[in-house]
Every structure is written in structure tokens, then in C-alpha cells.
2 protein chains.
Amino acid sequence: MTIQIKDVARVAGVSPSTVSRVLGNGPVSAEVRKKVEAAIKATGYRPNLAARRLRSQHSQTIGLVVSDIRNPFFTAVSRAVEDAAYKAGMRVILCNTDEDAGKEAMYLSLMQEERVTGLIFAPTRETAETLDSNKLGFPVVLIDRAGPPGRNDAVVLDNAQASEILVEHLLSQGCRHIGGVFGNTSTTGVERHAGFVAALERRGLPAPARFIAPSLDAAESAIRQWLVEPDRPEALIASNGLLLMGALKAARQAKIEVPRDLLLAGFDNDDWTDIIGSGMTVLEQPVYEIGRTAMAMLMARLESPELLPRKIVLSGRLVVRGSTIAGVAT
Amino acid sequence: MTIQIKDVARVAGVSPSTVSRVLGNGPVSAEVRKKVEAAIKATGYRPNLAARRLRSQHSQTIGLVVSDIRNPFFTAVSRAVEDAAYKAGMRVILCNTDEDAGKEAMYLSLMQEERVTGLIFAPTRETAETLDSNKLGFPVVLIDRAGPPGRNDAVVLDNAQASEILVEHLLSQGCRHIGGVFGNTSTTGVERHAGFVAALERRGLPAPARFIAPSLDAAESAIRQWLVEPDRPEALIASNGLLLMGALKAARQAKIEVPRDLLLAGFDNDDWTDIIGSGMTVLEQPVYEIGRTAMAMLMARLESPELLPRKIVLSGRLVVRGSTIAGVAT
DNA sequence: ATTCGTTGTGGTATCGATTTCAATGGAATT
DNA sequence: AATTCCATTGAAATCGATACCACAACGAAT
């Protein structure tokens, strides 16, 4: 039996409506407001958000559905989203899909039951194909991976450009035989691969690439295998932080020294890349800004639902470190 | 205007009560159940969780309040908590306090408004002192940092023991002049310091220690300063992953080579510790298990509220790597 | 002096589900 | 054949807030 609004009303000697108006900054005389606020303090009243949501039809909740919060990219994004959400008086519900379309469907359904105000979502390729914000009943902002163009709002990195920047950098280091490893579940891997191929073909160079499941073990063993083949590349680009770590471990295992025997670069300026040996060259994504932008985009969409879907493309930043500078120890 | 339970009832030709019973696995004849399920599918009905929560007085929501989700320790714990929660049909609300007592108070208040079923909480020392689950109105399980004994349920590492294990290891490597750096906001730092001191005093050795704010920059500069003083230790223990990284960066800056000029060990088996040079020696916390245990404890508490508060103490595991083995390059 | 707005307040309906209680019908028991 | 019992079902109350509407009081405008 907790305290409810009518208890506060009784203590303050006003009606429940008036208490509600005080809570919601409605029109109340200064004197009554003071009485009510005193009564709230005296009773220790806490509004029941379930009741408020039901009556007001505003959940003040946004969903954040990612593949795995342990991926530092999503960790950083989620922190940005939460900061922005709480500042706007909203709650965040976080779900991990593990790149599983079944779980995605389940959590989308949950989002509907929660009547979320909006959703920030990093879908698998499969789900991105068929996702339709109108059917869902709330606006969606895709992050990291955009679906078919013009259908949903999205905040993404310029993946092709980013790959090209990395390739150009390796080319400028004198490499000609550059390999790439890419994740096989998201559109991100596809786009980064495209940029990779474009940059190399422009020079008439081959663009050997492999697509790998996004797990450390899978990456490590697949890359190790590649590195012992006779045609192993002299430089490698990894399409995300996890694959980059896998590549490094694989090189270690194969007794291939970075950068002496293999130049190595990748995406995501994760903490470890800065402290390892002479550092890993990475293409940094503006992780916090991606989250912040996604929230801002969602808010904008809520204000003007009729706007055409927008896609905000952010640029990465090349951070050159020792792993791509021949003649430096790692 | 969304579909509600009475629409489903009309389509199925039954009463809303019956639909509700189908949803809640109540007593319904097989034939009616089939009709209702068909109607649910036909209408695309999604229950409104706000309404359900209000009426049933069960929020099916648990709060998870940590200092910063970007700390890999909390990231891993949160993933475990979320896995367990969703498996039990519960939602998780995640909040970041940044070790700020003011934010903690605000989020505790939010938890009350959400009428959470329970809370998993890593409090600052300040808040831990005065926290009272009874006043809050829902059970609390503390993680990482326990408050005053016998007051709240808690899942923690055996911090003193863990420190002693690290000290013993360094002693066995021949070190006698061992320093320690500890976080200054949580009880964890205090306990780890105590174990550190105990292990050294037992041998009649000094136990020089510093308490540092838990940020990478603060750690780096404080430790760099220490390392250029004349009495700098020959080995250093860092009380968490962040401080350990700070210590490593500080050593680099001061041109002090690990492990040749300084042995370095610390808490938290974060990903990077395994791939850096010849590896960092760490005391691994069972991160996923901590989260899982906290959830299990919360469930147990909900079943039997009258049980006396319990404190579950888990043990860490020493992972020896190159950073504490003299004569190995990093 | 009358009308009109404006401001502040209270009463009541309502949000969308679950829960309680009563009613029904058929099988089982005496 | 009458009675009891169980399994299903429906009607209505309820969870705790906000939204909507009506109305009182008062000053300004005609």
C-alpha cells in the first residue's frame, strides 16, 4: 500500500487534479504549489510511472537494440544514448540480439508492447531488408548499419570512404599486396569491403578479402590460416575492433611480427589499440557522437513525423600508429 | 488507436477476461484457446505493458545502476544480468552514476517511480553507508562493493584475498619493494588496499600506496609522478583495469620498461591485457558469474524476503603473464 | 451595469489491462 | 433423481495517474 496522489491531495487540502498539475508544471497559484510540494515531501510520495504512462499515452521510453553491448563500439554508443535520453526525461531499454534475427523479432515485439517512443537499432542484414517503421508504430533510427535507402532514418559511418582512407594509407606506406577481413553478418562489412575493393582496383591492384563471423575465436583461426598460405598479404585491414584483435593474435601465433612482416590496420579506436606496442593504426569512428546524433535524430523525427527519411553519414578519422610503419617494433 | 484486448475478444467471440486468461496461461478450454490465439494473430494484438503493470502491480523490471557502463567490468556484468533477466521475462533499466552521489540519489528515486521488482547496484562508499532496502521498497543486491555488513545482499570478490594473491606472486618473483595504486571512490579500493597491506606487513615489508581518482588521465599522471621519484617501487599493483592501463601508459612515458625496470600486475582480465606484448599478469574476476549470481540472489530474495541478508564472496583467479616475469620483453 | 476573458480549481471519465466474484453447465456422487 | 462439485466463462471493479470539462472569482472592456 504505497502513497498515491489522492493521499497527497488530502494532506495538502486540494484535489488530486491540482497535485497532478503541480507535478506537471500546470497552472497553479504559487501558494497552492507550495502547500502541495510540502505535502509531497511530507508523505514521501513517488508517482507511479506505469499509471502515468497508461493515462498519458506517453511511455517516455526509447529502445536500444544492438548485437552485443560488450562490443566497445556499442558500449560507447549506448552511453551516449543514455546520457541524452535521461537528460530528456526518458528511459532506455537495452537489448542484445547476438546478430540473431529471431531475437531481433522478439525484441521488436517487446518494443511494441512497451509502446516505446522510438527505437535505435543496429539490425542484421536480414532484418534490415524488411524493417518498416510504419508497421511497427514508432520511429526507428538505424545505427552502424543502414538498410535499403530512403526507408528509415539512419546514422552511419561513411564506410566506403573509411576503407579507402585505410587503403590509401597502406599504399602510401609502399604496400601493394593488401588483404582485408570483414564481418559477415552486417551491411557494414559489405560496405567496407566495397570501399576496400574500389580503392585497390582504381590502382589495378588485387583485393583479396575474406568474410568472417564476428567472434574473436573465429577471426583468429580464419586469419591464422590465411597468414600461413603462400600468398599471404603484406598488409591487412580488419573491418572492426574484434577482427583487428583477432588478426593481431593470429599474427602472434604464426610468429609473424607486426609491422616488420605484416602491416596491420583496422576500424575502431578501442582503448587497447593505443597501448599495444607502438600502437595500432586505426580508423576511429566518432562513437559518442553517433549515439548522440541518433538520439537527436529520433527527437527530430518525433517532432516532425512527415519528414522524409534522412541518412546522416559521419566521417571517420585516421589515427596512424606504429602497426603500419615499417621498421618500428611492436 | 491501437488494438486492445476487447477487440481481440470481439473477434474471437469471447469476453476480455478469457483473452486475458489465454495470455496468462489461465484455465481455458483447448478449443477457446485456439480461437483466441487465432484472433490475436489476426488482429496483430500486442498487450500494453503499462496497463498490465498498473493492474497487476508487477513491473517485471529490474534496475541496474553502475558507475559507468564503459568500464569493461560493468559491461560484462550488465550482459549477464540482461541475459538472466530476459530469460525470466523481465526488463532491465540501466543507469550510469559516474560515481556521483547526487546522481545515485536521483536514480534511486527513479527506481521507486518505476516500482522496480528489484535493484542491482554498485554504489559509492558514501551511498552504501546509508542505503536501506526497506525504506526503498524493493530488494537490493549490491555488486562489486558491499556496504556495512549484514544490511544488504551483496555479491563481491574476495578483494583482500585477491590482493594477497597478487602480492604473493610478486614476492615469489623476488620483489620486495612493491607499490599499490587504488581507486578512491569505492569500498573496493579500500578492501584491496587492506589485503595489499596485510600481505606485505606479514613479511615486515613496507606497503607504499596511493589512492587515485578512477579516470585514465588522473591515473596516468599520478603514477607517472610516482615513477620518477627516487623511491619508486620495483613492482606495482593496480586495483582495477583502468588504473592498470594508466600505470602502463605512465611507465611508457617515463621510459620505464615493463617488466625489465618495473613489474606490473593488476585487477581485471580485460581483453587488452592478453594481447599486449608478453601479456599483463592480472587477477581475473568472474565477471559474467558476478552478474548471473546477482540476478539469482535477487530472485531468491523475492521468493523469501524474510531471509537474513547474505553476502556471496567469489574468488578471483591469478593469470600470470609476461608483465611480472623479469627477463621477458613486453 | 453587463459582458467577456482569464486564471485557478475540483469532479469525473478514462487509459487497457487483470482480478474477483458470480453464474453456468455437465459430470460425478449419493 | 437430487445434490454436489469442478471446470469454464462473463460482468464488473480496480490499478493510479492525467485529461477534459464545468465553474467560480475577478478584472477589463463595452
Side-chain angles (χ1 to χ4, degrees), chain A residues 1-37 39-40 43-61 89 91 109-110 112-117 137-138, chain B residues 1-37 39-40 43-61 89 91 109-110 112-117 137-138:
Chain A
M1 205 63 222
T2 65
I3 296 110
Q4 54 199 74
I5 203 168
K6 65 180 173 197
D7 300 317
V8 177
R10 192 166 353 96
V11 171
V14 299
S15 75
S17 319
T18 299
V19 177
S20 174
R21 273 186 284 261
V22 170
L23 260 37
N25 278 322
V28 195
S29 70
E31 147 194 56
V32 169
R33 162 162 279 130
K34 238 171 69 181
K35 268 198 307 185
V36 171
E37 277 165 356
I40 289 175
T43 53
Y45 168 72
R46 294 278 145 226
N48 181 320
L49 292 184
R52 174 178 290 175
R53 287 183 182 127
L54 173 60
R55 177 62 248 230
S56 70
Q57 303 285 68
H58 297 316
S59 68
Q60 301 289 73
T61 299
R91 254 44 77 221
S109 189
L110 172 63
Q112 296 186 296
E113 301 186 357
E114 291 279 0
R115 304 291 193 268
V116 293
T117 305
F138 46 78
Chain B
M1 206 63 223
T2 66
I3 295 110
Q4 54 199 73
I5 203 168
K6 65 180 175 197
D7 300 316
V8 177
R10 192 166 352 96
V11 170
V14 299
S15 75
S17 321
T18 299
V19 178
S20 174
R21 274 186 282 262
V22 171
L23 260 36
N25 278 320
V28 197
S29 70
E31 145 193 58
V32 169
R33 161 161 280 130
K34 239 172 67 181
K35 268 199 306 188
V36 170
E37 277 164 356
I40 289 175
T43 54
Y45 168 71
R46 296 276 147 228
N48 181 320
L49 292 184
R52 174 178 290 176
R53 287 184 182 126
L54 174 60
R55 176 63 245 230
S56 69
Q57 302 287 67
H58 297 316
S59 68
Q60 302 288 73
T61 298
R91 254 44 77 222
S109 189
L110 172 62
Q112 296 185 296
E113 301 186 356
E114 291 278 2
R115 304 292 192 266
V116 293
T117 306
F138 46 76

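Protein chains get the first letters and strands the later ones, always in sequence-line order, with residue 1 at the start of each. Because the structure is a prediction, the values reported are computed rather than measured.
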Side-chain N or O of [X] closer than 4.0 Å to phosphate OP1/OP2 of [N]:
X	N	value
Y45(B)	dA17(C)	yes
S29(A)	dT9(C)	yes
Q57(A)	dT14(C)	no

Starting from [atom2] on [N], measure out to [atom1] on [X] and report it in whole angstrom.
X	N	atom1	atom2	value
R10(B)	dG16(C)	CZ	P	13 Å
R55(A)	dA17(D)	CZ	P	14 Å
L54(B)	dG16(D)	CG	C1'	5 Å
R21(A)	dC21(D)	CZ	P	14 Å
R115(B)	dG16(D)	CZ	C1'	9 Å
K34(A)	dG8(C)	NZ	C1'	18 Å
R33(A)	dT9(C)	CZ	C1'	14 Å
R52(B)	dA17(D)	CZ	C1'	20 Å

Stepwise side chain to side chain contact (heavy atoms under 4.5 Å, CB included) test for T117(B) and F138(B): CA-CA 6 Å; T117(B) 306; F138(B) 46 76; over 6 Å; no
Non-hydrogen atoms of I5(A) and Y45(A) that approach each other most closely: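 Heavy atoms of I5(A) and Y45(A) come nearest at N-CE1, 3.5 Å.
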Sugar-phosphate only, base, or nothing, as touched by R53(A) at under 4.0 Å among non-hydrogen atoms: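 R53(A): no heavy atom of the nucleic acid under 4.0 Å.
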Sugar-phosphate only, base, or nothing, as touched by R46(A) at under 4.0 Å among non-hydrogen atoms: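 Sugar-phosphate, no base atom in range.
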[X] side chain, from C-beta outward: closest of [options]:
X	options	value
N48(B)	dA17(C), dG10(C), dT9(D)	dA17(C)
S20(B)	dT19(C), dG8(C), dA11(D)	dT19(C)
V28(A)	dA11(D), dA17(C), dT9(C)	dT9(C)
T18(A)	dG10(C), dG10(D), dA17(C)	dG10(C)

Side-chain donor-acceptor contact under 3.5 Å, R46(B) with S109(A):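 Judged by distance alone, the side chains do pair up.
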Position toward the 5' end of DNA chain D (nearest nucleotide), S17(B) or A50(A): S17(B)
Most 5' of S15(B) and P47(A) on DNA chain D, judged by nearest nucleotide: S15(B)
Basic-acidic side-chain contact under 4.0 Å: R91(A), E114(B):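 Yes, charged N to carboxylate O under 4.0 Å.
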Point-to-point distance, once rounded to the nearest 0.5 Å, from CG of N48(A) to CD of Q57(B):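 So the CG of N48(A) and the CD of Q57(B) are separated by 7.0 Å.
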